[in-house]
Amino acid sequence: VSTQSTWGVFLITQEKMAEVAQQPEIQVEKKEKKAKVSVKKASKKTVKKQALKFTIDCSEPAADEIFDIASFEDFLRGRVKVDGKTGNLAENVTIGREGNVINVSSKLAFSKRYLKYLTKKFLKKQILRDYIRVIARTKTGYHLKYFNFHNEEEEQEE
């Protein structure tokens with residue numbers, strides 16, 4: 001059986017159908033159809049991306065002078081990946097410091113969870129991970145807080 005293929009449309013001529021129909025094993029419908037292939041163009045919608053802004057409040061550990069905010073800011077600048085490459089911040093991601101607060105703003109898709117991961121990594125590097133934890137205070141920000149060891153000590157005494 002010979003078929004002619006054009007853009008996904010198969011045509012079988014009447015003569016070939018008659019030849020195939022004489023064979024008892026194969027049953028073929030005797031209709032000749034042409035299908036139209038239509039391709040719809042996807043409408044392009046322009047989506048305005050808003051700049052994402054995140055904050056990390058380091059006021060508690062910085063007030064006790066066990067946490068160096070300048071080194072944390074440098075750590076973030078060196079470790080944040082943009083398009084799979086570290087040190088590729090350019091204009092897409094800006095990291096700044098205002099007092100005891102680190103501000104990170106991004107024009108690209110950026111995860112708040114990634115900032116928490118990097119903050120924990122810095123704390124581990126500074127051997128502070130056992131004493132300070134990273135807590136989400138708002139939808140766009142974290143703050144660093146000490147673990148409550150006083151409550152545990154009181155419970156052990158009782």
Report summary line: side-chain contact (heavy atoms from CB on, under 4.5 Å) filter on T94, not counting sequence neighbours, yields S105
Query raised in the report: Same cluster or not: are Y117 and L123 linked, directly or through other Ile, Leu, Val, Met, Phe, Trp or Tyr residues, by side-chain heavy atoms under 4.5 angstrom apart?
Result: yes
Query raised in the report: What residues, two or more places apart in sequence or in another chain, satisfy side-chain contact (heavy atoms from CB on, under 4.5 Å) together with K112?
Result: F54, A136, Y142
Report task. Step through it carefully: locate the ring centre of Y131, locate the ring centre of F147, and say whether they are under 6.0 Å apart. Result -> no
Query - Where at least one partner belongs to residues 136-147, residue pairs that pass salt bridge (Lys or Arg N to Asp or Glu O under 4.0 Å), sequence neighbours excluded - result: D57-R137
Requested in this report: Please find out if less than 6.0 Å separates the ring center of F67 from that of F122.
Outcome: yes
Query - side-chain contact (heavy atoms from CB on, under 4.5 Å) against Y146, all qualifying residues, sequence neighbours excluded - result: E60, P61, D64, I66, I132
Report task. Just say parallel, tilted or perpendicular for the rings of Y114 and F110, cut-offs at 30° and 60°. Result -> perpendicular
Query - Nearest heavy-atom neighbours spanning N100 and A62 - result: OD1-CB, 3.8 Å
Query - Check: G96 main-chain N/O paired with N103 side-chain donor or acceptor under 3.5 Å - result: no
**Report entry** With sequence neighbours excluded, residues passing salt bridge (Lys or Arg N to Asp or Glu O under 4.0 Å) with R77
**Finding:** E73
Query raised in the report: So, for G78 and T86, which heavy atoms are closest and what is the spacing to 0.1 Å?
Result: O-CB, 3.7 Å
Report summary line: Sequence neighbours excluded, the answer for side-chain contact (heavy atoms from CB on, under 4.5 Å) partners of A63 is none
Report task. Please name the pair of heavy atoms, one in I102 and one in C58, separated by the smallest distance, quoted to 0.1 Å. Result -> CG1-SG, 4.5 Å
